[in-house]
Amino acid sequence: MVRTPLTPEERLRGERLGALLRAARGERSMAAVAASAGISAETLRKIETGRAPTPAFFTVAALAGALGLSMDDILGRCAPERAAEPLIAWAGGRGAVRATPSKARRVAP
């Protein structure tokens with residue numbers, strides 16, 4: 001399996017995530033936080049240093065829980081500016097809403 005090279009934006013997002021997790025860890029040991037999240041200290045080290053810039057969702061969720069962060073905090077601090085990519089959210093039974101930072105429109109169900 002050939003892995004697609006990461007874009008500069010993906011690398012930057014990984015660096016931001018690593019720095020955020022390192023800051024949130026504070027004085028706690030890497031081993032203690034990793035154990036609390038159910039991952040290896042080596043995995044946490046790779047994420048914090050940017051060597052694993054795209055960790056699995058459930059890994060990030062487990063680390064967020066162990067560090068007292070919300071996924072919204074992580075997204076807000078690590079995601080690039082939301083410019084071009086549309087966001088899709090379900091609006092109950094009325095279909096989906098497709099939105100960019102400047103406009104939103106209803107999408108048929």
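Quantities reported herein were computed from a predicted structural model and do not represent experimental measurements. The first residue of the sequence shown is numbered 1, and numbering continues consecutively from there.
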Original post:
What pairs with Arg45 under salt bridge (charged side-chain N to carboxylate O under 4.0 Å, His left out), at least two apart in sequence or on another chain?
Top reply: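 So Arg45 forms a salt bridge (charged side-chain N to carboxylate O under 4.0 Å, His left out) with Glu42.
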
Original post:
Which other residues belong to the hydrophobic cluster containing Ile47, where Ile, Leu, Val, Met, Phe, Trp and Tyr are joined when side-chain heavy atoms lie under 4.5 Å apart, directly or via other members?
Top reply: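 Listed partners: Leu17, Leu20, Leu21, Met30, Val33, Ile39, Leu44, Phe57, Phe58, Val60, Leu63, Leu67, Leu69, Met71, Ile74.
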
**OP:** Calculate, to the nearest 0.5 Å, the distance between atoms OG1 and NZ belonging to Thr59 and Lys46 respectively.
**Re:**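 The NZ atom of Lys46 is 12.0 Å from OG1 of Thr59, to the nearest 0.5 Å.
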
Subject >> side-chain hydrogen bond (donor to acceptor under 3.5 Å, both in side chains): pairs with one or both residues in residues 21-41, sequence neighbours excluded >> reply: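 For residues 21-41: Arg25-Glu48, Ser40-Thr43.
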
